[in-house]
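None of these values were measured; they are calculated from a predicted model.
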Amino acid sequence: FPPQVFHERPRLGLAFAWTLFISNQSDRAEEQLDQLAPLVQTTPSLLGEHYVIRVIIAARRFDMPAFFEFAQQALSRVPSEEASPRSRILITLGVAYEEMSGDLIAAKKAFLEAYELSKTSPSVSVVANAPLPLIALAYLADYAYLEGNLRNAAKMYEHAIELAEK
């Protein structure tokens, strides 16, 4: 596409950045995001999507300083009304806290915030065919189980089954 097309249609530019990322062209995806950055600053939904891609690229590269920096920027700049991108960032942040730093308290906090936020969203986003509230709830249920809070874990697992069946 000519660069002017993305300048006029930044949402299309973000879709192209996702395509580049998914096709394992992270460097090109970042270049695309750099060009789009000034165009998405005033549109919260586009800014949120921009940060989601940045955060996931940094996570894929195991560039944890960049990952945490982008995640914190996103959470400070993307309004809470933008539940989908915020929830995706929080879930990714929770996974990183758990798997990269072993900080289960921070991970649990991120998953809880993602769960609460995604419950309020009228349109539920999906990652890998699973709705965001289900992903967050599954992590929270696992934590409750590991903490020995079996009744609470069972309730969350039952609720997760209900969510999955919808």
Side-chain angles (χ1 to χ4, degrees), residues 14-34 36-37 40-41 44-121 124-150 152-157 159-160 163-164:
L14 289 170
F16 184 59
W18 270 121
T19 302
L20 291 169
F21 169 74
I22 290 168
S23 63
N24 209 25
Q25 298 180 58
S26 295
D27 290 339
R28 286 190 60 208
E30 282 187 315
E31 290 171 11
Q32 178 69 19
L33 293 170
D34 290 342
L36 292 169
V40 300
Q41 298 302 313
S45 63
L46 299 180
L47 181 63
E49 197 65 24
H50 182 268
Y51 273 116
V52 169
I53 302 168
R54 287 259 190 223
V55 164
I56 292 176
I57 288 172
R60 179 183 273 179
R61 290 181 171 158
F62 296 100
D63 183 350
M64 298 322 290
F67 170 83
F68 286 113
E69 179 184 338
F70 286 132
Q72 293 307 325
Q73 284 177 16
L75 294 174
S76 69
R77 298 193 59 216
V78 178
S80 59
E81 297 81 38
E82 295 300 325
S84 176
R86 285 184 68 88
S87 293
R88 286 184 284 158
I89 290 165
L90 286 162
I91 287 172
T92 307
L93 190 58
V95 171
Y97 279 133
E98 178 182 326
E99 294 182 7
M100 303 296 183
S101 69
D103 188 346
L104 298 183
I105 294 170
K108 187 176 178 179
K109 181 180 179 221
F111 289 127
L112 183 59
E113 188 176 342
Y115 175 68
E116 295 297 330
L117 187 61
S118 62
K119 282 190 334 185
T120 65
S121 178
V124 177
S125 288
V126 175
V127 174
N129 293 326
L132 291 178
L134 178 61
I135 295 169
L137 187 59
Y139 275 100
L140 293 170
D142 287 349
Y143 291 143
Y145 173 79
L146 293 171
E147 293 167 352
N149 191 346
L150 302 181
N152 194 24
K155 288 178 186 175
M156 284 191 255
Y157 286 131
H159 186 60
L163 282 174

message: Just so I know, are the side chains of Phe67 and Ile57 near enough to count as touching, which here means a heavy-atom distance under 4.5 Å?
response: no
query: What are the two closest heavy atoms between Leu137 and Met156, and how far apart are they?
result: CD2-O, 3.5 Å
query: When you look at CG of Leu146, are more than 12 heavy atoms from neighbouring residues, nucleotides or ligands closer to it than 6.0 Å?
result: yes
- request: Please round to the nearest 0.5 Å and tell me the distance separating atom CG of Leu112 and atom NZ of Lys109.
  value: 10.0 Å
query: Atom NE2 of His159 and atom CG of Leu140: how far apart are they, to the nearest 0.5 Å?
result: 11.0 Å
- request: Return each pair, listed once, that meets salt bridge (Lys or Arg N to Asp or Glu O under 4.0 Å) where at least one residue sits in residues 138-147; pairs must be two or more places apart or across chains.
  value: Lys108-Glu147
query: Under the side-chain hydrogen bond (donor to acceptor under 3.5 Å, both in side chains) test, which residues partner Arg61, sequence neighbours left out?
result: Asp27, Glu30
message: Just to verify, what does Tyr97 make a side-chain hydrogen bond (donor to acceptor under 3.5 Å, both in side chains) with, not counting sequence neighbours?
response: none
message: Would you compute the distance between atom OG of Ser23 and atom CZ of Arg28 and round it to the nearest 0.5 angstrom?
response: 7.5 Å
- prompt: Any idea which heavy atoms bring Pro44 and Val78 closest together, and the distance?
  reply: O-CG1, 4.3 Å
task: Output the distance between atom CG (Asp63) and atom OG (Ser26), rounded to the nearest 0.5 Å.
output: 11.5 Å
message: For Phe68 versus Ala96, what's the shortest heavy-atom pair and its separation?
response: CZ-CB, 4.4 Å
message: Is the shortest side-chain heavy-atom distance between Val55 and Leu93 below 4.5 Å?
response: no
query: Where do Ser80 and Leu117 come nearest, in terms of heavy atoms and distance?
result: O-CD1, 3.5 Å
- prompt: Do the side chains of Tyr139 and Val95 get nearer than 4.5 Å, heavy atoms only?
  reply: yes
task: Tell me, please, which residues at least two apart from Glu81 pass side-chain hydrogen bond (donor to acceptor under 3.5 Å, both in side chains).
output: none
- request: Rounded to the nearest 0.5 Å, what's the gap from CG on Leu47 to CG on Leu36? Could you check?
  value: 11.5 Å
task: Name all residues meeting the side-chain hydrogen bond (donor to acceptor under 3.5 Å, both in side chains) criterion together with Glu98; count only those two or more places apart in sequence or in a different chain, and write none if there are none.
output: Tyr143
message: Using a 6.0 Å cut-off, check whether atom OH of Tyr145 has over 12 heavy atoms from anything other than its own residue.
response: no
Beyond-backbone contact of Leu75 with Leu90, side-chain heavy atoms, under 4.5 angstrom: yes
query: Atom CZ of Phe62 and atom CE of Met64: how far apart are they, to the nearest 0.5 Å?
result: 8.5 Å
- prompt: Going by the side-chain hydrogen bond (donor to acceptor under 3.5 Å, both in side chains) test, which pairs reach into residues 45-55, not counting sequence neighbours?
  reply: Trp18-Glu49, Asp34-Arg54, Glu49-Arg88, Tyr51-Gln73, Tyr51-Arg77
statement: In terms of heavy-atom contacts, Leu14 and Leu33 come closest through CD2-CD2, 3.9 Å
- prompt: Do you know the tightest heavy-atom contact between Ile91 and Ala114?
  reply: CG1-CB, 3.7 Å
